[in-house]
Asker: 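Before we start, here is the structure in question, set down as structure tokens.
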Amino acid sequence: MGLLLFGVAKDIAGQSILTLPEGITTVGELKSWLLATYPGLQQLNSLMIAVNREYAVDNQPIATSDEIAVIPPVSGG
Amino acid sequence: MGLLLFGVAKDIAGQSILTLPEGITTVGELKSWLLATYPGLQQLNSLMIAVNREYAVDNQPIATSDEIAVIPPVSGG
Amino acid sequence: MDVLLKIEPEITIQEALDFIHSPACGGEVVFTGKVRNDTKGRAVTKLFYESYREMAISEMQKIADDVAMQWDIKKIAMLHAIGDKYPGDIAVVVAVSSIHRGIAFDACEYAIDTLKARVPIWKKEFFADGTII
Amino acid sequence: MDVLLKIEPEITIQEALDFIHSPACGGEVVFTGKVRNDTKGRAVTKLFYESYREMAISEMQKIADDVAMQWDIKKIAMLHAIGDKYPGDIAVVVAVSSIHRGIAFDACEYAIDTLKARVPIWKKEFFADGTII
């Protein structure tokens, strides 16, 4: 399903969708990979991952069949 | 200026304006006179007097030149 | 702080919204009190509101002054209807605008609570069973 | 509890008011968040809002569910605008109606606070000096 990026995370990565890299099996691993690959993300106050449209904790397993999204600090309203 | 009555106080007295009785010189005296003259007023949860459009305490002096109003419990909104 | 006070047979939410609008204000809170079709399980056919108009406006102005003293509110509108009002009709509107939202909630709730406690306006309730309170 | 959720380029206060209206409800509280012409002293020319739409609607539904669990609210509307928005434009509307007023304030404030904290919507601010945040 790919990895969706929004807001400033999209701007930092320069794209709105990425492919989930092979070998990444948890939310925590994905966060580490994102912060290493796009160091600009380290400036954010928070970086959340949503799996299938739900906020996810670090030890949650992920697979390529999931809809995964990178959620920088929200700023609606 | 007379004594204005509103809401249920007007209904109990049967009129919307009365003449301030002679010999009454304070808000407290007026309240006592009202409760004695219109016993139905004793059923109310509160009976306030306004003098010149301000809520008044019992020892406030009043005169026929004042605009005096009998304020039963308010129920706006 | 800009203040709009009104006691009239007809009031609308829109006039309150129009008054409090400002491009400097990010937060608007509006309370609307409407006539309910039921009071404690008894069907209501209508309400009749009367006011001691001059004093009611003066008390509303005091509430506005209190709001201005307590919070950084930019605009406030307080409108109350009088006369016959039927279920679904608007009885009262209190609207405030401020730069930030938290104080807008506080100020609006303070204003409607104080209005209901102090402003000389009275309602008579007409019930479907013929009784009047 | 009846729920209206909407994330669209154009939203209005009126559609929220129309939705929450009910002759059984005496109290309505509406919060409107508008685009300010100024952020921390810097002139704003516009905002751009984007959303992760499906998840945003799902999070708004959770807020509605939380409201229904905590308070006896009869109707709630949560609307958020997306796209380019200019000073004075409406960004968000949260409206609730209930039989009594106190809980309407509590529920409305809870809903907008939680929306701002959790719902995946982002704004970009365009300043008059050319910077974008």
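Everything quoted here is computed from the prediction, not taken from an experiment. In what follows, every chain begins at residue 1, and chains take the letters A, B, ... in the order their sequences are listed.
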Asker: For D:Asp89, is it the side chain, the backbone, both or neither that has a heavy atom under 4.5 Å from a heavy atom of chain C?
Answerer: neither
Asker: What part of C:Asp38 is in contact with chain D, defined as an atom under 4.5 angstrom from a non-hydrogen atom: side chain, backbone, both or neither?
Answerer: neither
Asker: How many angstroms lie between CG in C:Asp106 and CZ in D:Phe105, if you round to the nearest 0.5 Å?
Answerer: 10.0 Å
Asker: Relative to chain D, which of C:Gly27, C:Ala91, C:Ser22 shows the most heavy atom pairs under 4.5 Å?
Answerer: C:Gly27
Asker: Please classify the contact of D:Ile13 with chain C as side chain, backbone, both or neither, using a heavy-atom distance under 4.5 Å.
Answerer: side chain
Asker: Answer yes or no: are there more than 12 heavy-atom neighbours, outside D:Glu10 itself, under 6.0 Å from its atom CD?
Answerer: no
Asker: Please examine the side chains of C:Arg36 and D:His100, heavy atoms only from C-beta on, and report whether any two atoms are closer than 4.5 Å.
Answerer: yes
Asker: Measuring from D:His21:NE2 to C:Lys34:NZ, what's the distance to the nearest 0.5 Å?
Answerer: 4.5 Å
Asker: Where on C:Val30 is there a heavy atom nearer than 4.5 Å to chain D: the side chain, the backbone, both, or neither?
Answerer: both
Asker: Atom CD of residue position C:Glu8 - does it have more than 12 heavy atoms of other residues, nucleotides or ligands inside 6.0 Å?
Answerer: yes
Asker: Between C:Glu109 and D:Arg101, is there a side-chain heavy-atom distance shorter than 4.5 Å?
Answerer: no
Asker: For chain D, which of C:Gly26, C:Pro87, C:Gly88 has the most heavy-atom pairs under 4.5 Å?
Answerer: C:Gly26
Asker: Out of D:Thr32, D:Leu17, D:Val35, return the one with the most heavy atom pairs under 4.5 angstrom to chain C.
Answerer: D:Thr32
Asker: How long is the span from the OG1 atom in C:Thr39 to the CD1 atom in D:Ile99, to the nearest 0.5 Å?
Answerer: 10.5 Å
Asker: What distance separates D:Glu28 CD from C:Ile90 CD1, expressed to the nearest 0.5 Å?
Answerer: 7.5 Å
Asker: Using non-hydrogen atoms and a limit below 4.5 Å, what part of residues 67-86 of chain C faces chain D?
Answerer: none
